[in-house]
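Below is one structure; the comments refer to it alone.
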2 protein chains.
Amino acid sequence: MRVIVAEDQGMLRGALSALLDLEDDIEVVGQAADGEQALRMIETLDPDLCVMDIEMPKLTGLDVAERIKEAKHGCKVVILTTFSRSGYFQRAMRAGVKGFLLKDSPIDELGAALRSVHGGGRAVSPELAMQLWEAENPLTEREREVLKLAGAGLGAGEIASRLFLSHGTVRNYLSEAIQKLDAKNRIEATLIAERNGWLG
Amino acid sequence: MRVIVAEDQGMLRGALSALLDLEDDIEVVGQAADGEQALRMIETLDPDLCVMDIEMPKLTGLDVAERIKEAKHGCKVVILTTFSRSGYFQRAMRAGVKGFLLKDSPIDELGAALRSVHGGGRAVSPELAMQLWEAENPLTEREREVLKLAGAGLGAGEIASRLFLSHGTVRNYLSEAIQKLDAKNRIEATLIAERNGWLG
DNA sequence: GATTACATATGACAGTTGTCATGCCGGGAA
DNA sequence: TTCCCGGCATGACAACTGTCATATGTAATC
């Protein structure tokens with residue numbers, strides 16, 4: 001099978017590519033260091049599979065997966081990520097991702113997952129299977145935007161002018177987010193939202 | 001040369017170990033998933049080198065490096081980390097670390113670095129060499145403690161009772177930290193301190 | 001057509017946060 | 001020993017934050 005490896009961390013990308021290439025039935029035809037590059041490679045090289053990190057520059061792995069699905073491209077996606085955030089997993093499933101592994105798993109699982117997915121199956125790290133039933137993102141679009149900026153250290157006034165809202169509205173959104181997430185203040189709220197993948 | 005790989009992320013640990021083991025002159029004699037395990041392996045297996053991540057459970061790679069130095073153990077350390085935080089690099093140098101690579105570098109550099117260090121040399125990612133002259137941590141011990149807790153979402157009152165300080169003192173420390181780091185508020189201050197490795 | 005969810009806004013209030021002046025104590029450097 | 005630094009504290013003040021009641025408009029849903 002012809003595979004692309006998309007991962008921004010050079011060492012891991014190189015190591016995985018080299019190891020996968022050693023397998024008789026796997027050929028690594030491209031390596032991408034960010035989402036845009038991955039997308040271009042998938043279009044031009046038409047691989048069977050793509051091993052993809054989520055947190056990459058320019059386009060996240062989930063963005064890429066969604067575009068592949070829209071374009072009805074046959075390339076199957078196996079997500080390989082550090083974090084078991086429920087938001088990520090749910091979004092990946094909706095994007096038609098076939099495999100979802102944690103970077104914490106042993107490497108053997110990667111080859112196994114690729115073969116399983118290539119054969120039409122699925123492959124999901126056992127730690128993640130249960131997350132299908134976990135909480136959905138309770139935040140609205142606006143609440144997310146506001147919370148993201150608050151997490152970057154901006155005050156209500158600054159957030160307001162960036163989003164062309166009134167300063168009171170911003171505080172209302174923050175207050176709602178804080179309550180929805182059962183936090184004490186904006187700091188805890190961003191922590192919680194982040195941990196669940198609700199801001200990405 | 002006999003090498004130990006200490007890295008908490010299973011996939012990277014496995015991949016690096018497998019690749020290094022393919023080299024004729026390198027033998028991976030142990031793999032550790034956290035700092036304590038790494039320390040024990042170094043004591044029992046007496047390897048020539050240890051490839052070590054910084055951010056690991058229980059003991060960080062820098063903690064381990066410092067203990068190795070104290071114990072005057074001959075094992076040389078090559079740090080392999082995601083972040084080019086000046087605080088990390090400076091602390092590593094003081095701990096007698098011989099190699100410091102970013103996980104962003106290509107893998108070939110790892111083998112090269114190990115050989116160089118084993119031969120008595122040093123190996124430092126070029127992006128990092130200049131950091132020797134960068135800003136030292138301007139925060140005092142107390143300011144760091146307080147800032148860490150503030151970053152976890154605690155308010156002044158809570159921080160005060162955890163550290164057995166008055167609530168006013170906590171706010172003084174936070175105020176000082178905010179000014180030293182040239183931030184607008186505690187949120188930005190934690191972001192800046194974190195980015196520079198001044199909280200770890 | 002009524003209900004519900006979201007985006008938006010205002011004004012008021014209490015509580016938290018950031019700043020500053022000022023003070024005390026102990027340890028180390030000049 | 002005197003002076004400064006760090007740790008610790010207080011009180012006061014302005015600014016920011018979190019909450020609430022209340023209001024309008026626009027979709028979607030029932």
Side-chain angles (χ1 to χ4, degrees), chain A residues 87 90-91 94 135-200, chain B residues 87 90-91 94 135-200:
Chain A
Q90 288 165 345
R91 194 171 153 207
R94 279 194 294 273
E136 267 290 338
N137 189 340
L139 302 175
T140 68
E141 176 66 24
R142 273 316 209 189
E143 286 159 0
R144 255 173 289 153
E145 293 179 85
V146 168
L147 202 51
K148 244 186 283 187
L149 292 177
L154 305 194
E158 293 163 300
I159 298 175
S161 56
R162 290 218 192 178
L163 299 182
F164 307 103
L165 297 174
S166 93
H167 118 118
T169 306
V170 169
R171 288 191 299 145
N172 285 155
Y173 287 150
L174 279 172
S175 181
E176 278 167 42
I178 289 168
Q179 289 179 254
K180 283 184 182 175
L181 299 176
D182 197 25
K184 280 192 302 299
N185 53 44
R186 54 182 72 190
I187 305 180
E188 217 190 349
T190 37
L191 257 27
I192 293 171
E194 190 111 287
R195 187 176 350 112
N196 286 287
W198 289 335
L199 297 182
Chain B
Q90 288 165 344
R91 192 171 154 207
R94 279 194 292 273
E136 266 291 340
N137 189 339
L139 302 175
T140 66
E141 176 67 25
R142 274 316 209 188
E143 285 160 0
R144 254 174 289 153
E145 292 179 85
V146 168
L147 202 50
K148 245 185 285 189
L149 293 177
L154 305 194
E158 293 163 301
I159 299 175
S161 57
R162 291 218 193 176
L163 300 181
F164 307 104
L165 296 175
S166 95
H167 116 120
T169 305
V170 168
R171 289 193 296 144
N172 286 154
Y173 286 150
L174 278 171
S175 181
E176 278 167 41
I178 289 168
Q179 289 179 252
K180 283 184 183 176
L181 300 176
D182 196 25
K184 282 192 300 299
N185 53 45
R186 54 181 72 190
I187 305 179
E188 218 192 347
T190 36
L191 256 29
I192 293 171
E194 191 112 286
R195 179 163 13 98
N196 286 286
W198 289 335
L199 297 182

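Letters go in sequence order (proteins before strands), and every chain restarts at 1.
Counting heavy atoms from C-beta outward, A/Ile187 and B/Arg186 have side chains that approach closer than 4.5 Å. Using a 4.5 Å cut-off on side-chain heavy atoms (C-beta onward), B/Leu154 and A/Lys184 make contact. With a 4.5 Å cut-off on side-chain heavy atoms, B/Ile192 and B/Arg195 count as touching. Annotation: side chain of B/Tyr173 is in contact with side chain of B/Leu165 (closest heavy-atom distance under 4.5 Å).
Taking atom CD of residue A/Glu143 and atom C1' of nucleotide C/dT8, one finds them 13 Å apart after rounding to whole Å. A straight line from CG of A/Leu147 to P of D/dT17 spans 13 Å, rounded to a whole angstrom. We find that CG of B/Leu163 is positioned 13 Å from C1' of D/dG7, with the value rounded to whole Å. Atom CD of A/Glu145 is separated from atom C1' of C/dC6 by 13 Å (rounded to the nearest Å). Put simply, CZ on A/Phe164 is 12 Å from P on C/dA9, counting in whole angstrom units.
Judged as a side chain to side chain contact (heavy atoms under 4.5 Å, CB included), and not counting sequence neighbours, A/Ser161 has no contacts. Scored by the side chain to side chain donor-acceptor pair (under 3.5 Å) test, B/Ser166 finds B/Thr169 as partners (sequence neighbours excluded). Applying the side chain to side chain donor-acceptor pair (under 3.5 Å) test to A/Lys148 and every residue at least two apart in sequence or in another chain returns nothing.
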Can you build the contact string for nucleotides 23-30 of chain D? Use B for base contact, S for sugar-phosphate-only contact, and - for no protein heavy atom under 4.0 Å. --------
Which nucleotides of nucleotides 14-29 of chain C have their base under 4.0 Å from a protein heavy atom (B), which only their sugar-phosphate (S), and which neither (-), written as one string 5' to 3'? ---BBBB---------
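Between B/Ala193 and B/Leu139, the closest heavy-atom pair is CB-CD1, 4.3 Å. The shortest heavy-atom contact between B/Leu181 and B/Ala189 is CD1-O, 3.4 Å. Minimum interatomic distance between B/Leu163 and B/Arg142 (heavy atoms only, all atoms of both residues): O-NH2, 4.0 Å.
Note that the two end axes of the helix from C/dG1-D/dC30 to C/dA30-D/dT1 enclose an angle of 30°, each drawn from 5 base pairs, rounded to 10 degrees.
Atom CD of B/Glu143 is separated from atom CG of B/Leu199 by 11.5 Å, given to the nearest 0.5 angstrom.
As judged by a 4.0 angstrom heavy-atom cut-off over every strand, B/Thr169 is placed among the base-contacting residues.
Checking the phosphate oxygens (OP1, OP2) of D/dC8, a side-chain nitrogen or oxygen of B/Tyr173 falls inside 4.0 Å.
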